[in-house]
Amino acid sequence: MSSELVDNTVAAPHASGEALGAHGVSHLRALEAEAIHILREAAAELSPGVLLFSGGKDSAVLLHLAHKAFWPGRIPFAVMHVDTGHNFPEVIEYRDRMVERYGCELIVASVQESIDRGRVREETGPRASRNRLQAVTLLDAIEEHGFRCAFGGARRDEERARAKERIFSLRDDFGQWDPRRQRPELWNVYNTFLRPGEHMRVFPLSNWTELDVWRYIREQGIELPSIYFAHRREVFERDGMLYAVSPFVELLPGEEPFEETVRFRTVGDMTCTGAVRSSAATLDEVIAEIAATRITERGETRADDRISDAAMEDRKREGYF
Amino acid sequence: MAASDVNALALDALDPQPVELLRLATAGSVDDGKSTLIGRLLYDSKQIFEDQLEHVVEVSRRRGDGHVNLALLTDGLRAEREQGITIDVAYRYFATPRRKFVLADCPGHVQYTRNMVTGCSTADVAVLLVDARNGVVEQSRRHAAIATLLAIPHLVVCVNKMDLVAYDEQRFAAITADFTAVARRLGARDLHFIPISALHGDNVVERSENTPWYEGPSLLELLETLPIARDRNLRELRFPVQWVIRPQDDAWHDYRGYAGQVASGVVRRGDEVVVLPAGIRTRVVAIDTADGEIDAAYPPLSVTVRLADDVDAARGDLIAHPDDQPQLARAFAATVCWMSEHPARERARYRLKHLARSTPARIDAIEHVLDVATLEHARGASELALNDIGRVRIRVAEPLPCDPYAANRATGAFILVDEQTGDTAAAGMIEQPLA
């Protein structure tokens with residue numbers, strides 16, 4: 001493992017805790033320690049596992065935490081990107097760079113391949129998105145590789161269905177989440193028992209908020225894709241949200257592209273991830289902006305959650321991340 | 001003080017003081033106004049985002065609720081909103097400049113014991129609601145019993161709906177006296193009472209002018225100032241080995257580290273330690289993190305410990321100080337909360353998970369069932385049904401390094417897993433290690 005990784009990090013584990021007394025622990029240290037504990041438990045009991053990496057800020061933090069959990073050893077699981085084929089080019093470039101830096105094996109599960117093989121049918125029309133199709137590709141890949149757990153960077157503060165989900169979330173033989181059949185989660189003693197065909201989604205960042213993630217990124221010097229910071233981009237407006245102009249989205253009559261200074265709060269499929277008008281070009285500026293905002297990241301920038309009252313819950317029941 | 005500080009949060013964003021994490025669990029009966037209290041806490045401390053609030057306003061209107069139903073903020077599942085019931089524990093997050101809060105919202109009625117145990121197992125503080133009109137009812141005793149059983153260090157009783165008893169001081173005093181008697185019997189540690197109206201916001205975030213006779217803090221002020229750091233057990237070292245790190249590459253050829261999260265006590269470089277259950281004595285030569293070596297580690301830090309001798313320690317082992325070791329027990333008496341629809345019976349076999357070790361286990365005897373409403377022990381029961389709390393004797397296949405739960409919430413806790421269904425059958429708290 002290169003020493004460059006160690007130099008990247010700035011704070012000693014107890015440095016920011018000093019102000020809390022001799023054995024005080026700041027909340028970021030407590031969240032970090034909890035996430036590392038979860039990563040080690042799942043790696044020990046649910047091997048083989050895989051870390052779902054979208055190139056977004058949460059998966060960037062997750063990968064960094066995985067590195068810390070097993071350092072100076074290697075991360076004992078592969079990294080998987082469920083590739084819709086509708087990605088921001090900056091994010092793919094970032095993904096490849098991170099995987100190489102951490103020395104992980106990269107598995108790309110391709111939605112295009114699922115379409116070509118007839119596993120899913122592509123949506124049509126100007127509002128077509130491959131977001132929902134990802135679930136099939138993801139479940140096929142989990143089955144094909146025999147993964148017993150898939151780590152995700154999801155947080156409970158993101159969305160009301162996620163607020164109900166366990167850290168170790170059981171999925172049945174069909175990949176479904178059943179909120180009524182969740183196992184009670186007691187202390188930090190996790191029940192990892194699986195029957196044939198079942199797997200777990202494991203969420204080490206469950207107790208983090210968006211602001212925690214950003215502060216940790218700053219504290220640890222974690223690199224992010226450039227689209228998180230303000231830049232000029234050709235966009236168009238639809239349903240009150242700004243979308244990047246790309247070959248993957250057809251403009252509707254009356255939709256005119258224009259240039260705007262924007263950044264992204266989440267990273268997903270280009271067809272359903274909106275940008276926000278922002279001049280925040282540095283981590284400090286982004287953090288100030290997030291701390292002051294009165295709108296959640298998914299509410300502001302994700303069209304996929306607007307389909308219905310329970311859009312996220314419904315997709316999770318189908319096996320979505 | 002709390003409310004005005006909340007706005008400072010945005011200003012503090014760039015240079016936050018290190019804040020503590022406080023985990024709280026809330027419990028109340030169906031109509032005690034718990035969802036309203038949580039909604040009020042989040043709303044008055046400005047932690048509700050506009051899109052979430054718009055959603056609640058819109059759904060309330062569509063359902064014809066006649067008011068903004070703050071309970072919709074916490075009912076996240078389709079069935080919960082359609083049926084107006086709360087199925088499962090939900091987790092909420094809010095922060096003030098002094099603390100960050102993780103709130104486990106435990107449903108009042110559906111499978112109450114199981115859900116409440118889930119929410120309470122990690123809590124520093126339990127917030128229990130009592131309806132000022134009804135006083136201490138069976139459900140209040142049940143909640144107090146579970147919170148005490150789980151050894152939650154602080155209990156805060158919110159006497160709600162004070163507006164409906166004309167903010168009557170005598171009424172509050174009577175409920176306080178009743179509840180204190182129950183809590184004393186249960187052995188509760190630190191007990192607080194606050195007269196509130198969740199609906200109107202009295203004493204939730206701001207202190208209320210309607211209760212001039214009440215001199216204590218508002219709920220949020222109390223949550224900000226309860227001394228939780230001293231609740232952490234820094235006495236006996238308990239370091240469970242989760243993972244052995246052996247890179248075996250050129251740069252770290254001979255490296256062997258024992259990774260885990262400190263459960264209690266303090267481990268320092270140079271300490272004499274013993275690796276259990278083998279009982280091998282050795283010394284700590286280094287405490288590693290990916291950020292570099294540190295001199296000492298304490299709860300809840302996740303670290304990696306290197307030992308002087310080439311001991312053969314593995315996942316599931318426990319590192320302690322030689323002069324303060326846990327007992328190695330092959331059997332113990334324990335209180336269990338039964339969580340499975342298949343009842344517990346004597347001689348039934350399970351897989352028991354304790355720290356990072358799991359081992360076959362058998363229930364040797366069911367000693368009594370606790371009536372959580374009356375707090376009486378019923379002897380002679382042949383089984384424990386779903387949501388029962390009872391005392392059992394358990395035998396395990398391998399000796400476990402353990403402590404009584406009352407002394408150590410980490411090494412005294414375990415779960416039982418039903419290996420046929422995979423379900424978590426019970427949450428267990430060790431009372432007494434036996435032989």
> Which atom pair, heavy atoms only, marks the closest approach of B:Pro299 to A:Val25?
Replying inline: O-CG2, 3.8 Å
>> Heavy-atom cut-off 4.5 Å, strictly under: side chain, backbone, both or neither for B:Asp288 against chain A?
In response: side chain
>> Looking at every heavy atom in both A:Pro76 and B:Trp243, which two are closest together, and how far apart are they?
In response: CG-CZ2, 3.7 Å
> Is chain B contacted by the side chain of A:Ala43, its backbone, both, or neither, given a heavy-atom distance below 4.5 Å?
Replying inline: both
>> Looking at every heavy atom in both A:Pro72 and B:Trp252, which two are closest together, and how far apart are they?
In response: CB-CE2, 3.4 Å
> Going through the checks in order, is the side-chain contact (heavy atoms from CB on, under 4.5 Å) test met by A:Asp157 and B:Arg92?
Replying inline: CA-CA 7 Å; A:Asp157 80 321; B:Arg92 300 284 145 193; over 6 Å; no
> Say you draw a straight line from CD of A:Gln182 to CG of B:Asn115; how long is it, rounded to the nearest 0.5 Å?
Replying inline: 10.0 Å
> Do you know which of B:Met339, B:Arg99, B:Arg246 has the most heavy-atom pairs under 4.5 Å to chain A?
Replying inline: B:Met339
>> I need the minimum non-hydrogen distance between A:Ala33 and B:Pro300, along with the two atoms involved.
In response: CB-O, 3.0 Å
>> Is B:Leu150 close to chain A through its backbone or its side chain, or both, or neither, when contacts mean heavy atoms under 4.5 Å?
In response: side chain
>> Please determine whether salt bridge (Lys or Arg N to Asp or Glu O under 4.0 Å) holds for the pair B:Arg315 and A:Glu41, giving the CA-CA distance in whole Å, both sets of side-chain angles, and the decisive distance to 0.1 Å.
In response: CA-CA 10 Å; B:Arg315 174 171 167 83; A:Glu41 281 302 288; 3.0 Å; yes
>> Pair A:Arg74, B:Asp249 - check salt bridge (Lys or Arg N to Asp or Glu O under 4.0 Å), show working.
In response: CA-CA 10 Å; A:Arg74 279 172 175 270; B:Asp249 59 15; 5.4 Å; no
> At what distance, to the nearest 0.5 angstrom, does CG of A:Asn188 lie from OG1 of B:Thr122?
Replying inline: 9.0 Å
> Are side-chain N/O atoms of B:Tyr91 and A:Asn207 paired as donor and acceptor at under 3.5 Å?
Replying inline: no
> Quick one: salt bridge (charged side-chain N to carboxylate O under 4.0 Å, His left out) partners of A:Asp212, sequence neighbours excluded?
Replying inline: B:Lys100
>> By the definition side-chain contact (heavy atoms from CB on, under 4.5 Å), identify the one residue from A:Glu32, A:Arg29, A:Arg40 that meets it with B:Ser302.
In response: A:Arg40
> Does some side-chain heavy atom of A:Trp71 sit less than 4.5 Å from a side-chain heavy atom of B:Ile245?
Replying inline: no
> Do A:Glu185 and B:Thr424 have side-chain heavy atoms sitting under 4.5 Å apart?
Replying inline: no
> Is B:Gln242 close to A:His37 at the side-chain level, that is, under 4.5 Å between some pair of heavy atoms?
Replying inline: yes
> With only heavy atoms counted, which part of B:Arg23 is less than 4.5 Å from chain A, the side chain, the backbone, both or neither?
Replying inline: side chain
>> Which residues pass the ring pair (Phe, Tyr, Trp, His ring centres under 6.0 Å) test with A:Phe168, not counting sequence neighbours?
In response: A:Tyr190
>> Report which part of B:Glu419 has an atom under 4.5 Å of a heavy atom belonging to chain A: side chain, backbone, both, or neither.
In response: both
> For B:Ile415, does its backbone N or O pair with a side-chain atom of A:Asn191 as donor and acceptor, under 3.5 Å?
Replying inline: no
> When only pairs under 4.5 Å are counted, which of B:Val102, B:Thr304, B:Val303 shares the most heavy-atom pairs with chain A?
Replying inline: B:Val303
> Given that the side chain runs from C-beta out, which part of A:Arg195 has a heavy atom under 4.5 Å from chain B: side chain, backbone, both or neither?
Replying inline: side chain
> So what's closer than 4.5 Å to chain B heavy atoms on A:Glu34: side chain, backbone, both or neither?
Replying inline: both
>> Under the criterion side-chain contact (heavy atoms from CB on, under 4.5 Å), I'd like the reasoning laid out for A:Leu186 against B:Phe414: C-alpha separation, chi angles, the key distance, then a yes or no.
In response: CA-CA 9 Å; A:Leu186 302 150; B:Phe414 64 88; over 6 Å; no
>> Heavy-atom pairs under 4.5 Å with chain B - which of A:Trp187, A:Phe70, A:Phe193 has more of them than the others?
In response: A:Trp187
